[in-house]
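Every chain is numbered from 1, with letters handed out A, B, ... down the list of sequences. A quick note: this is a predicted structure, and the numbers were derived from the prediction, not measured.
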Amino acid sequence: MNASILGRRLLTHLILILVGLMFLAPFAWLLLTTFKTEDEIFVIPVQWFPSEWIWDNYRNAVQMIPFIKYTWNTIVIALLSVAGVVILSPLVAYGFSRIDFKGRNVLFIIMLSTLMLPMQVTMIPLYVVFNKANLLNSNWPLVLSAWFGTGMAFNVFLIRQFFNGIPIELTESAKIDGASEFRIYSQIILPLAKPALLTIGLFTFLGAWGDFQGALIYLNDQETWTLSIGLKQFIRENSVAWGPLMAAATLFTVPIIILYFFVQKKFIEGITITGMK
Amino acid sequence: MDRLKLHSGIKSRERKRLFIGLMFLSPWIFGFLVFQLYPIIMSLYYSFTEYNMFNPPQWIGLDNYNEMFRDDKMFSSLYNTVFMALFGFFPQLVYALVIALLLNQSVKGLSLYRTVYFLPTLVPAVAGSLLWIWLLNAQYGLVNQMLGAIGLPEPNWLMDENWTKPSLILMGFWGTGTITIMYLAALQEVPKMYYEAASIDGANKWHKFWHITLPAISPMTFFQLIMGLIGSFQYFSQGYVFADSSSQAIGGPGNSILFYAIYLFQNAFMYLKMGYASAMAWILFIIVLLLTLLIFKSSSKWVFYGGEK
Amino acid sequence: MKKNYRKRSFHATLLLVLAFSVVLSACSGSKEGGPGKGGKVEIQLWSSATGDGAKPIEAAIAKFNESQDDIVVKTLSNQDHQKQLTAISGGNAPDIIITQWNNIGPWSEAGAVKSLEEFIKRDGYDTGQIIPAALERMKVDDEIYGLPISMSMANKLFYNKEVFEEAGLTAPPETLEELFEYSKRLTKKDDKGNITQMGFIPDYPWIDNVFWPIIFNGSWVDENGKLTANQEANVKAIDYQMSYYKEFGQESIDKFKSGMGGLQTPQDPILTGKLAMIIGWENWYVDDRGEGKDVGVAPFPYPAANPELKGSGMVSPIAMFIPSKAKHQEEAWKVLQYLLSEDVQIQYSIDFGSIPVLTKALDNPKLTQNEETKVLWEYYESAKSPNLKGFPNSIYINEYLQTLNEETEKALKGQLTAQEAMDNVVNKMQPIADKYKK
């Protein structure tokens with residue numbers, strides 16, 4: 001009995017490690033590349049380990065672009081986006097999920113359908129809107145798009161699915177006691193949805209962190225640029241500074257890996273709360 | 001109580017619910033009216049015009065829509081897109097679920113595994129696609145070396161137009177981290193007591209998965225299906241980067257990875273045919289909307305919401 | 001309790017709405033343009049160059065800003081095609097845009113680019129000083145819409161000297177026929193029949209629909225607006241490329257290609273000798289070519305039957321233009337003229353490693369006797385050749401080029417004959433061309 005449990009555990013680990021290695025490969029390769037000289041980056045067949053470890057790429061990466069400034073700009077946009085999203089989306093999701101009113105489904109389909117139109121055709125009219133509102137060349141088109149744009153439909157839909165899964169009995173008694181919908185929302189439902197909120201917060205952060213096209217289109221001042229635009233600075237028309245690019249890409253990626261590591265730990269906290277209720 | 005009064009009571013309660021509902025929805029309604037309605041209406045209007053983005057649009061009625069039916073490239077891009085949705089998205093969804101189930105077990109070092117499994121999603125596309133292009137290199141790539149070792153044919157992944165879509169699908173498996181963590185979050189919410197009760201009844205693992213886990217996470221599957229559908233039909237970035245780096249031409253070898261959204265982009269921003277691109281966008285919109293409604297209609301049969309029981 | 005609820009949720013919403021409006025009003029973007037500090041006019045210049053590639057223009061503009069007291073130019077690099085389009089269309093055009101020349105065609109026809117004819121006539125600006133092949137690219141329907149700032153050219157053949165020596169070849173090929181013969185001698189296979197070294201691949205690194213027809217004296221449109229991509233010279237150009245695929249085999253070449261290292265990387269196929277010869281642009285192999293270096297340079301071969309086509313080549317300039325919605329067009333025009341003055345052009349060419357667009361600059365000793373620019377000397381000289389050409393600019397240019405690309409690819413893969421492929425192009429594009437004919 002014990003042996004079979006042990007065996008099964010080992011097997012699980014074995015599978016997890018094997019598949020994990022596959023998943024680790026791109027990042028490992030990225031990381032190792034940053035320590036190679038330009039000559040070794042391009043050896044065919046792929047050479048995984050540098051024959052001599054060098055740090056130059058990192059030095060160049062932070063010197064070629066104003067790295068700290070761009071990082072700061074990116075963080076500001078990402079945090080503002082996340083803050084709005086985690087406050088607004090669950091509110092809307094609650095309305096779509098747990099309040100039964102006429103026309104709800106129609107509105108829901110309308111909200112979803114805003115996702116179905118490719119952004120290529122709405123980009124210019126949207127630019128006109130921000131231009132008319134005098135918001136160009138600021139962070140606000142990016143932040144407001146994260147709060148109210150198509151991202152909102154995605155987030156609301158995701159959280160609605162979670163809210164729909166919460167048993168009705170949990171809120172029924174509060175309702176009979178005369179608690180308002182807002183109270184039920186903020187005191188019963190919201191705490192239960194922590195993993196879901198973390199999920200959308202994380203996705204919003206990642207989206208803002210990696211957004212290239214939006215940032216490029218709305219930011220007209222080099223001082224306000226973000227990291228993803230900065231990364232493109234290493235790519236010239238017919239030559240690419242691969243070493244520094246990869247080093248910058250690593251610096252670009254590591255903070256989100258750390259962030260993710262802590263966020264996913266919170267998922268586990270999320271369960272225990274659910275379990276207690 | 002007489003009927004009329006009862007009726008008006010229901011009416012007023014209904015009205016109150018409507019009010020409360022709209023209150024909760026107000027952030028979205030605000031965003032929709034201020035930021036989305038105008039672009040949507042304009043794109044619909046453009047689709048009936050000839051519009052090069054600089055001169056005022058010229059009304060041409062249904063011409064753009066008529067032209068689409070004569071446009072072979074539009075159809076082949078639609079084919080490529082549907083191909084990716086069918087053979088790319090669905091296997092990836094199943095795969096993401098399997099990984100999520102693996103990660104949902106209580107084994108040591110779970111945090112680490114979860115981080116590792118999400119890594120490829122975080123690596124910037126430039127770096128990721130470079131590595132793939134080497135892995136799939138016909139002569140020296142790891143993939144072909146492995147295939148060769150077991151005596152299988154070694155395709156020219158990046159240049160043979162029959163293999164470019166499979167290459168992209170293969171790459172796609174690496175980027176399923178987001179679906180995985182959403183499934184993971186859903187799995188956390190499945191009440192433990194269901195499993196305990198089933199164990200007492202002597203259900204085996206497969207049974208538990210089929211009768212408890214799968215229905216319990218069906219709201220998430222529903223979400224993934226619809227978002228996957230929308231995403232597949234707008235498949236763009238990876239195809240664009242991939243075509244650029246493998247053959248230096250939009251659409252890749254033989255236009256084999258010219259996807260609908262890429263062709264649309266090409267029409268809008270390279271050929272300055274925003275009117276035609278908008279018509280394409282609205283046809284796409286209608287296709288996706290119909291499929292979404294179909295999934296919605298079917299959902300009452302297979303999606304189980306605890307909140308509605 | 002119930003009333004309580006209503007108030008609360010109402011307040012919450014009100015607060016939110018209030019917060020948005022505060023955010024919206026308080027943080028409106030700082031508008032640029034208009035009179036800046038000290039009565040100077042501030043104008044915006046956007047360029048598509050990235051990273052170090054943007055430094056030469058930034059340096060030239062810094063000098064301009066110092067040189068006078070009326071105008072301050074702010075440069076912004078990394079502004080790609082899509083951004084430029086969106087901003088112009090969305091009503092926020094900069095005053096000057098620096099971009100690829102082929103954008104001028106579609107954008108000018110669409111009314112986004114200011115015609116320079118008016119300025120040129122008024123100020124008696126001498127456009128004759130600009131290299132004709134470069135200026136020609138700025139014209140749409142015979143009207144000048146932009147000025148070139150620098151020139152790029154493909155008119156040479158680069159070759160790996162060591163590989164040539166090994167094969168006992170002492171001089172580069174002169175004619176296209178010799179190029180083909182050389183390629184046969186320079187191509188090696190292993191015992192399994194895999195190609196391990198190749199002489200020349202006509203469509204590497206990309207299918208070039210402009211370069212090859214130019215070499216054969218082809219054209220794409222005549223003065224009556226009839227498309228000519230299917231005329232004999234153009235078809236010959238494709239047939240010539242196909243002859244390589246017939247000789248060495250489609251699959252073998254493709255497989256070999258996929259195993260070559262990336263261009264301009266340390267594993268570059270020319271530098272490693274895997275590929276012996278390649279079409280030569282002035283900004284490729286800058287550190288590796290010339291006397292005493294690994295890469296040899298020769299004029300690109302010509303068809304043996306047409307010696308008058310010697311010195312043919314493709315010109316691809318970078319263009320500057322003024323958007324028609326720009327707020328400071330007069331000032332922008334002054335900046336364009338400044339950037340085309342001889343000293344600025346010379347410094348820019350040195351910094352950028354490009355070819356100046358002024359004919360007289362080609363003979364200026366600051367370039368022709370400057371050791372720093374030695375690798376470009378041959379290019380300065382050959383930039384005077386009357387056989388330099390380029391693709392005609394038009395509103396449908398990008399669609400035309402794309403269609404040429406698709407059909408040429410089919411021909412090279414052996415799915416169509418060259419004639420069929422080019423007939424397809426004309427059949428598809430002629431109606432589109434007619435539609436835009438004035």
Practice task
Please round to the nearest 0.5 Å and tell me the distance separating atom CZ of B:Phe24 and atom OH of A:Tyr185.
Solution key: 7.0 Å
Problem - Ring centroid separation B:Phe32 to A:Phe148 under 6.0 Å - result: no
Exercise for the section: Can you tell which part of B:Phe236 gets under 4.5 Å to a heavy atom of chain A, answering side chain, backbone, both or neither? Expected result: side chain
Completion exercise
If one checks every heavy atom of A:Met152 against chain B at 4.5 Å, the contacting part turns out to be side chain
Completion exercise
Applying a strict 4.5 Å limit to non-hydrogen atoms, the region of B:Ile99 in contact with chain A is side chain
Exercise for the section: Please state whether the side chain, the backbone, both or neither of B:Ala281 comes within less than 4.5 Å of a heavy atom of chain A. Expected result: both
Practice task
Side chain from CB out, backbone as N, CA, C, O: work out which of these in B:Leu122 comes under 4.5 Å of a heavy atom of chain A, or both, or neither.
Solution key: both
Exercise for the section: First locate atom CZ of A:Phe162, then atom CZ of B:Phe223, and finally report the distance between them rounded to the nearest 0.5 Å. Expected result: 9.0 Å
Exercise for the section: Using non-hydrogen atoms and a 4.5 Å limit, figure out which bit of B:Phe296 sits close to chain A: side chain, backbone, both or neither. Expected result: side chain
Completion exercise
Closest non-hydrogen contact found for B:Gln36 with A:Thr150 is NE2-N, 3.6 Å
Problem - Distance flag, aromatic centroids of B:Phe35 and A:Phe130, threshold under 6.0 Å - result: yes
Completion exercise
Closest heavy-atom pair, B:Ser43 versus A:Leu117, reported as atoms and distance to 0.1 Å, is OG-CD2, 3.5 Å
Handout entry: Which portion of B:Ile286 sits near chain A, non-hydrogen atoms under 4.5 angstrom
Key = neither
Fill in the blank from the handout: The reported gap from NZ in A:Lys132 to OH in B:Tyr38 (rounded to nearest 0.5 angstrom) is 5.5 Å
Practice task
Select, from A:Leu126, A:Ile124, A:Leu158, the one with the greatest count of heavy-atom pairs under 4.5 Å involving chain B.
Solution key: A:Leu158
Fill in the blank from the handout: Turns out that what part of B:Thr292 lies under 4.5 Å from chain A's heavy atoms comes down to side chain
Practice task
Name the region of B:Met53, side chain, backbone, both or neither, that has any atom closer than 4.5 Å to a heavy atom of chain A.
Solution key: side chain
Problem - Residue part contacting chain A, namely of B:Leu289, when any heavy atom lies under 4.5 Å - result: both
Problem - Contact class of A:Leu16 relative to chain B, heavy atoms under 4.5 angstrom - result: both
